[in-house]
Amino acid sequence: MNKIISEIETNETNPILRNLNIEQRKAVLAVEGPVLIVAGAGSGKTRVLTHKIAYLIDIGIPPQNILALTFTNKAAQVMRERISLLVNPEASKRIWAGTFHSIFAKILRFEANAIGYSSNFSIYDTDDSVNIIKRILEGYSISNNRLTAETIHHIISLAKNKVLSPEEFARTSSTPIDRQVADIYKEYQDYLHQNNAMDFDDLLVNTYELFRSYPEILHKYQERFTFILVDEYQDTNKVQYLVLKQLSSKYRNITVVGDDAQSIYRWRGADIRNILDFQKDFPDSKIFRLEQNYRSTKCILSAADSVIKFNKKQIEKKLWTENEDGELIEVFQCENEKEEANLVVKTIKSLVDGGKFSFGDIAIFYRTNAQSLEFENALRRENINYVVVGGLSFYKRKEVKDVLAYLKLLVNPNDNEALIRIINEPPRGIGKITLAHLMNYAKERKISIFEALGNIDEISNLQNRAIGVLKDFRNWLLRTVDKLNEKVGIADTIYQYIKESGLISMYEEIGTDDAYDRLENINTLLTDIYDFLTRNENTDLYDYLQQISLISDIDEKNIATEQVKLMTLHSAKGLEFPVVFIVGLEQGLFPLIRYKSKSNEDEEEERRLFYVGITRAMKKVYLTYALVRHRFGDESYQVPSKFLQEIDNKYLLVHTESRRKTITFVDRPKNAFDYKDDFNDFDQTEDNTLKIGDKVLHPFFGIGRVEHLEGSGNFAQALVNFDSVGRKRLMLQYAKLKKV
DNA sequence: TGTAGTATCTTTTTT
DNA sequence: AGATACTACA
């Protein structure tokens, strides 16, 4: 193969290699061996990956031997589409491209028996997992503290991502809390297995375990995936890393692409060391740096760079661009979140009226999903089309989850979660008590609830009425499963089944607007299933359920029409827009700070997130913050984000709005946030040396106690718990606090 | 068992 | 403020 490659290296007439810069081309041509591509924002990362895959196919690598792992299904789909423009579309279809989770789920489905699952295993989402943990927690009397099911789930998830089994986790746990979590983890894991179910993390861990325990199976997949390419490598976690190592250890043809400056999933177990240590793992690896940015203006790029410089740990690289200088980044101060939304929408309108941009060119990024509401309201008032990417997804709605639970039960009747969810939805007279008896019986015998229904006459303490209902339910389910197995008219069977479930007539009887919305959603779902089954041959309900359980919010929405896009900064990764608004730039919100853990690492991750946000923009960036924001129903005085100070002022145009609502335009101030003048009518706090625990007096709120202090100088703020109104976040600069 | 009324908590970010 | 979880009652 070496001979072929050296021949082709000199052959620059290959159309796949045209339109690539030198570094990009080198990265594409480095076909064999481990390759690390350090690709800055907007440097053509996707382009290199797609061209590399196309090139591999072009030089005769069978497409089915190529594995491309991405972060979202959407990214995989985009990649496939682009490849199909470069090579035979039929060939591009045979590539294995998808997320870690979806590809591994596919593998596990084939090999499930080896690790003690059957191939119809259910995939539990986060909600399911948390519900299970809640139920387990009921058996532990010590659930009164701050240790919520969500927290425990998170701890377990992190453990799994580090490939710690419950036993290993127990061994490494030093605190009493960890030991308790270890017990719960064990119980949780046993429960999942009993249900023939895996959570998201299991898809990764079980793949690792499968390959570790069965060398011959690993060997099979090593032979299948002789060329492996990984996108967003900086966001892989330890299990993912380990499986990549397993798969690539034979042929060693692995190309990873990433940018350490865009690593934003540390909280979910992503380990930035994976990219930093790639060279250690593969000493013979080749490294390519893509440093030319094709996306943004010079101004945007420099501004982003000036911020990310505040992070200590970084791979050395400097991005540059031949693009125009572009306009300054504009910063707006707003009175509160309503005004922030109005101002953003007003600006959007004038941008579009100006004729240079359309609504579809514009995106609004926020730190938390909850912030979308005000912007939605403001946009709706102005009749501007918009789409919220993410948020409460269709598949998370109650009625949709109910229908899906009914369907999951057909595929895997041992899926307790599904059964518990719908056994009394619509109400059948199976209440808590009856269910508890069932669950007890099942638990004692280590069988599923559905199996318990088969022995229903043996279960004591059940009411006759309940027994009748449960028998009917079981028979009905079995009948439907039989019908489904006939493999004809699957879609009809499903429709009939859901109709018989009584869900539809329940909502019809309720008859409120809300109920009709829900009916509409059920209808949409059933139509979607029908489409899926008729569109794809040889697929069944199982395939549909697997597909949607791994679908992400970003994947569902077709981001192409003339709508303003609203999304979290996390969802924004990998996308680009001509105009970007980043809103809510306030201390505590962005960077988001929670009371206890605000390590330096956390702040650096927030800063990378800000960097990701800015670098999504092609032409123009707007940044906004509010002075007052409602949090948990009451007012909180906000401090401008420290990130605003970190951006080099050369690149900023700051609009400061005074209390009298006259707008002052300030061009390139020495320090944009040194503007105390607006607030001079307020007395400065006299004694600035507040300490945690100090008792203070506020003119409106009265007596309170200082619970938390942060920031300094003009940005100093305190969290004070007042006797009258509870906790308030105050800027010391404005709040007239007196120590008492 | 189901429901109405009350208490409590929420705001990260996602496969 | 709004959703969800829990409690007391029919």
Side-chain angles (χ1 to χ4, degrees), chain A residues 69-76 98-105 123-127 129-131 134 138 146 148-151 153-154 157 160-161 198-205 232 235-237 239-240 263-270 337 365-374 389-393 395-396 398 424-436 463 465-466 469 546 548-555 567-573 584 586 588-595 597-598 602 605-606 608-610 612-613 629-636 726-727:
Chain A
L69 293 165
T70 60
F71 208 62
T72 62
N73 291 304
K74 170 97 182 174
T99 60
F100 281 89
H101 291 85
S102 63
I103 298 279
F104 289 5
I123 299 173
Y124 284 174
D125 66 15
T126 309
D127 284 349
S129 300
V130 170
N131 283 336
K134 270 187 193 148
E138 283 169 11
R146 295 256 128 217
T148 62
E150 283 83 4
T151 313
H153 174 249
H154 189 229
S157 171
K160 285 188 179 183
N161 285 325
M198 301 190 194
D199 65 13
F200 285 147
D201 304 312
D202 287 338
L203 295 175
L204 310 176
V205 176
E232 311 279 16
D235 281 324
T236 52
N237 60 32
V239 213
Q240 291 168 326
S263 154
I264 56 175
Y265 285 102
R266 199 178 70 100
W267 53 273
R268 168 175 119 180
E337 71 264 39
F365 301 156
Y366 35 78
R367 180 61 238 265
T368 65
N369 277 309
Q371 285 166 261
S372 73
L373 189 65
E374 288 298 336
V389 180
L392 223 210
S393 119
Y395 297 104
K396 286 190 182 135
K398 179 184 181 301
N424 203 34
E425 188 70 34
R428 298 187 171 87
I430 307 298
K432 253 194 193 147
I433 312 274
T434 308
L435 190 58
Q463 292 182 333
R465 198 168 48 90
V469 170
Q546 165 157 320
I548 61 153
S549 64
L550 295 172
I551 218 163
S552 81
D553 296 334
I554 306 166
D555 304 327
M567 67 188 84
T568 64
L569 285 134
H570 283 86
S571 302
K573 190 164 82 155
E586 297 140 39
L589 183 59
F590 192 25
L592 190 77
I593 299 166
R594 303 186 98 184
Y595 290 114
S597 64
K598 47 168 175 114
D602 288 339
E605 177 141 317
E606 295 286 315
R608 290 193 292 269
L609 193 55
F610 186 47
V612 166
R629 185 176 293 275
H630 292 267
R631 296 186 95 180
F632 305 130
D634 59 8
E635 287 189 334
S636 161
R727 289 200 180 84

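All figures in this text were calculated on a predicted structure; none of them were measured in a lab. Convention: sequence-line order gives letters A, B, ...; per-chain numbering from 1.
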Enquirer: Heavy-atom nearest nucleotide on DNA chain B for A:L589 versus A:T568: which residue maps closer to 5'?
Expert: A:L589
Enquirer: Of the nucleotides B:dT13, C:dA5, B:dT15, which has the atom closest to the A:R367 side chain?
Expert: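 It is B:dT13.
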Enquirer: Under 4.0 Å, heavy atoms only, any strand: does A:L204 hit a base, just the sugar-phosphate, or nothing?
Expert: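 No contact.
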Enquirer: Reckon A:T72 has a side-chain N or O less than 4.0 Å from the OP1 or OP2 of B:dT14?
Expert: no
Enquirer: Below the 4.0 Å mark, does B:dG2 have OP1 or OP2 next to a side-chain nitrogen or oxygen of A:N424?
Expert: yes
Enquirer: Send over the distance from A:D125 CG to B:dT15 P, rounded to a whole Å.
Expert: 12 Å
Enquirer: Of all the choices, B:dT14, B:dT11, B:dG2, which nucleotide is nearest to the side chain of A:N369 once you look at every atom?
Expert: B:dT14
Enquirer: Test A:R465 against A:R428 for side-chain contact (heavy atoms from CB on, under 4.5 Å), laying out the working first.
Expert: CA-CA 10 Å; A:R465 198 168 48 90; A:R428 298 187 171 87; over 6 Å; no
Enquirer: Which whole-number value in Å describes the distance from A:E425 CD to B:dG2 C1'?
Expert: 13 Å
Enquirer: Among the candidates B:dT15, B:dT14, B:dT1, find the nucleotide nearest to the side-chain atoms of A:F200.
Expert: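 Selected nucleotide: B:dT15.
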Enquirer: Considering every strand and a 4.0 Å limit on heavy-atom distances, what is the contact class for A:Y265: base, sugar-phosphate, or nothing?
Expert: sugar-phosphate
Enquirer: Going through the checks in order, is the side-chain contact (heavy atoms from CB on, under 4.5 Å) test met by A:T236 and A:F100?
Expert: CA-CA 9 Å; A:T236 52; A:F100 281 89; 3.8 Å; yes
Enquirer: Rounding to a whole Å, what distance do you find between A:Q371:CD and B:dT10:C1'?
Expert: 14 Å
Enquirer: Rounded to the nearest angstrom, tell me the gap between atom CD1 in A:I433 and atom C1' in B:dG2.
Expert: 12 Å
Enquirer: Expressed as a whole number of angstroms, how long is the span from A:H154:NE2 to B:dT15:P?
Expert: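 For the pair A:H154 NE2 and B:dT15 P, the rounded distance is 14 Å.
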Enquirer: Given C:dA5, B:dT15, B:dG2, identify the nucleotide with an atom nearest to the side chain of A:P427.
Expert: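 That would be B:dG2.
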Enquirer: Kindly say if A:S571 contacts the phosphate of B:dT14, meaning a side-chain N or O under 4.0 Å from OP1 or OP2.
Expert: yes
Enquirer: For B:dT15 and A:N237 - does any side-chain N or O of the residue sit under 4.0 Å from the phosphate oxygens OP1/OP2?
Expert: no
Enquirer: Look at the side chain of A:T126 and the base of B:dT15, then say whether one donor and one acceptor between them are separated by less than 3.5 Å.
Expert: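 Per atom types, the contact qualifies.
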Enquirer: Which of these passes side-chain contact (heavy atoms from CB on, under 4.5 Å) with A:T99: A:L203, A:L69, A:N73?
Expert: A:N73
Enquirer: Between A:Y265 and A:F71, what is the ring plane arrangement, given parallel below 30°, perpendicular above 60°, and tilted in between?
Expert: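 Plane angle between 30° and 60°, so tilted.
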Enquirer: Without decimals, in angstroms, what is the distance between A:D199 CG and B:dT14 P?
Expert: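 Value for this atom pair: 18 Å.
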Enquirer: Which residues pass the ring-ring contact (aromatic ring centres under 6.0 Å, His included) test with A:Y124, sequence neighbours left out?
Expert: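 Applying ring-ring contact (aromatic ring centres under 6.0 Å, His included) to A:Y124 gives none.
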Enquirer: Report the residue from A:D201, A:N237, A:D199, A:T126 that forms a side chain to side chain donor-acceptor pair (under 3.5 Å) with A:S157.
Expert: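 For A:S157, the side chain to side chain donor-acceptor pair (under 3.5 Å) test succeeds with only one of A:D201, A:N237, A:D199, A:T126, which is A:D201.
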Enquirer: Take atom P in B:dT11 and the same atom in C:dC6, then report the distance between them in whole Å.
Expert: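 Straight-line distance between the two P atoms is 15 Å.
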Enquirer: Could you say whether the aromatic ring of A:W267 and the base of B:dT13 stack, counting only centre distances under 5.5 Å and plane angles under 30°?
Expert: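 Stacked: ring centres under 5.5 Å, planes under 30°.
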Enquirer: When the distance from CZ of A:F71 to C1' of B:dT13 is rounded to whole Å, what number comes out?
Expert: 11 Å
Enquirer: In this structure, how many angstroms lie between the C1' atom of B:dC9 and the NE2 atom of A:H630, rounded?
Expert: 19 Å
Enquirer: Side-chain N or O of A:N73 versus OP1/OP2 of B:dT15: is the shortest distance under 4.0 Å?
Expert: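 Looking at the OP1 and OP2 atoms of B:dT15, neither is under 4.0 Å from any side-chain N or O of A:N73.
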Enquirer: Report yes if a donor N or O on one partner sits less than 3.5 Å from an acceptor N or O on the other, where the partners are the side chain of A:R268 and the base of B:dT13; otherwise report no.
Expert: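 In this structure, the two groups form no donor-acceptor pair.
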